[in-house]
Amino acid sequence: MNGQKNKIKNQIIENINSFISQLEEKDKEMLEKAFDWIEIYHQNQKRLSGEPFVYHPLRTALTVSLWRLDLNSIIAALLHDIIEDGGVSFNEIKKNFNEEVAFLVSGVTKISGLNYKKASSDEEAENFRNMIFATSKDLRVILIKLADRLDNLKTLWALDKEKQKTKALQTLEIFAPLAYRLGLTNIGAQLEDLAFPYAYPEEYKLTKTLSGKRQKELENYLKKLVPQIEEELKNNNLYPVSIKYRAKHLYSIWRKLQKEEMDIKKIYDLVAIRIIFKTVEECYSALGVVHHYFKPVPSRFKDYIALPKPNGYQSLHTTVFTKEGRMLEIQIRTQQMEEEAEWGIAAHWFYQTLKDTKLYKKRKTFKMPRNLCWLNQLKEWQKSFTSSRDFLEAVKIDFLKDRIFVLTPKGDIIDLPEGATPVDFAYQIHTEIGNHIAFCKVNDQIVPLDYKLRSGEVVEIITNKNKHPSPSWLEFVKMADTKKKIQQVLKNIKILPETPKKNFTCKLEIIAEDKIGLLDDILNIVAKQQINILEHKGKTLKNKALLSFKLKVKYFSHLESLLKNLKKIKEIKEIKTEYL
Ligand code: MN
């Protein structure tokens with residue numbers, strides 16, 4: 001390896017040495033072999049950016065080593081593209097390294113195995129499903145994938161405009177939210193800021209202009225304010241490990257701007273002060289000092305230490321009025337909370353392994369922390385979907401959207417997507433509770449069932465065994481999971497859903513064997529269902545025997561029966577639906 005490559009290689013080894021006390025001889029050999037293999041199997045390959053391919057796996061492994069993952073993960077990160085681009089098989093990796101490395105590499109390969117070059121949305125969905133499956137077996141799969149994606153985003157400039165946009169949007173919709181849900185805040189923010197300019201160039205420029213000046217000004221102000229706070233803490237015998245101020249990352253500023261009528265002055269945590277202590281006691285004492293020194297803004301104080309977020313996030317947050325009348329967010333937390341907030345599961349891993357360095361090398365699978373059992377739920381859940389596309393869409397809403405956290409009367413935290421209703425809540429507690437909702441109370445007040453829940457509210461469902469779900473619920477519930485469960489019951493008690501009031505538009509793509517009169521047959525069936533056809537066009541596919549029809553239809557509630565009737569035509573091979 002030449003100079004630059006050697007430099008990365010040595011950094012990786014250095015990281016391994018500082019996180020694992022000493023590598024055994026056979027571990028060192030295995031690592032060297034991985035370095036050799038990528039040189040051999042990616043020989044003469046180039047990235048679109050023009051640099052030799054081998055830099056990409058090297059940098060991916062460097063990132064993974066910085067996250068303090070174990071040796072097998074680092075080797076898997078080195079080899080992560082070797083099946084797909086180097087033509088090496090799973091068994092060869094298993095034979096030459098070990099089964100775990102082979103599993104990790106194949107887990108990452110499946111995900112990117114079907115490239116987005118041809119960008120069929122179904123391939124994307126299929127990939128996603130595979131990734132969830134591999135990840136639920138071993139979390140390191142997603143960590144390596146995120147490291148891979150981070151590096152790809154850094155060289156996104158080399159791709160054409162269309163691919164840039166696809167990759168960037170996919171990052172914002174899937175990978176960054178996944179990182180957040182794993183508690184990897186730092187990685188989520190990095191992914192978002194790398195993808196933002198490619199996904200929404202205009203919005204990116206606007207956000208940068210709006211926030212840039214104000215952020216600078218705020219930082220100058222904080223430079224003066226922080227020593228004052230430090231002084232005040234010292235007067236009370238409190239010595240923080242560090243006080244820093246951090247600018248909010250651009251993409252989250254943009255999202256907040258949208259909620260705040262594009263008024264940058266309404267974003268109070270544009271730059272937040274973060275005070276780190278050794279112990280929890282010091283955190284609470286410091287909060288007292290801060291609230292004594294500054295006047296707190298009512299209702300903006302959050303105690304995530306006593307009530308952690310479901311992803312495990314812990315910290316005290318408060319907003320105060322400074323003496324100059326500005327509003328300022330102050331976050332107070334311990335060192336360990338800081339590590340976990342930034343590095344999520346990677347930090348868990350690190351803390352666990354610190355306790356027992358032998359375990360570090362011997363651990364067979366990455367144990368799932370309790371607050372991540374949603375990943376297992378996801379694995380179970382995907383079995384109930386026949387279409388990967390439906391699964392992906394459902395996961396985007398039910399698992400990856402902005403979250404709210406509400407409480408049961410007993411104080412258990414339930415994690416729901418923003419916009420969730422008491423009905424969604426009830427079904428998350430238990431299907432039977434959802435199936436027998438009589439009414440719902442939020443903070444002791446009766447609310448309608450389509451009420452939009454907000455974080456921190458206490459939600460109580462009162463059930464009655466004679467009550468059943470109403471088809472009208474389908475119009476306001478938020479989660480795909482809820483809809484499925486309601487539909488299940490409606491089917492069983494044989495009540496036909498009421499016709500929804502809204503019209504829906506749907507695109508159908510029908511792949512069929514050529515036959516005279518086929519188009520007429522299809523159009524007849526659609527017309528019989530009294531579904532309006534907005535557009536239709538047909539073409540012969542490359543494989544001359546097959547035709548593809550594209551229909552755009554407006555329908556009410558009977559799309560399912562349309563699909564059923566269409567499938568009776570034996571020439572029809574496949575029907576793809578896309579709801580608009
Ligand atoms: Mn890669």
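All ligand and atom numbering here is 1-based and tracks the order in the structure. The model shown is predicted, which means the values in this text are computed figures rather than measured ones.
Between the NE2 atom of His56 and the NE2 atom of His80, the angle centred on the Mn ion (ligand 1) amounts to 90° when rounded to 10°.
Taking the Mn ion (ligand 1) as reference, Asp81 places its N/O/S atom OD2 nearest. Summary: OD1 is the N/O/S atom of Asp148 found nearest to the Mn ion (ligand 1).
Closest approach of Leu79 to Trp37, counting heavy atoms only: CD2-CB, 4.2 Å.
Stacking of Lys33 on the aromatic ring of Phe97 is recorded, both the 6.0 Å distance cut-off and the 45° axial limit being met.
In summary, no N, O or S atom of Asp151 is located under 2.8 Å from the Mn ion (ligand 1).
In this structure, Asp269 contributes its side chain and Ala272 its backbone to no donor-acceptor pair below 3.5 Å. At distances below 3.5 Å, at least one donor-acceptor pair connects side-chain atoms of Lys165 with backbone N or O atoms of Ala199.
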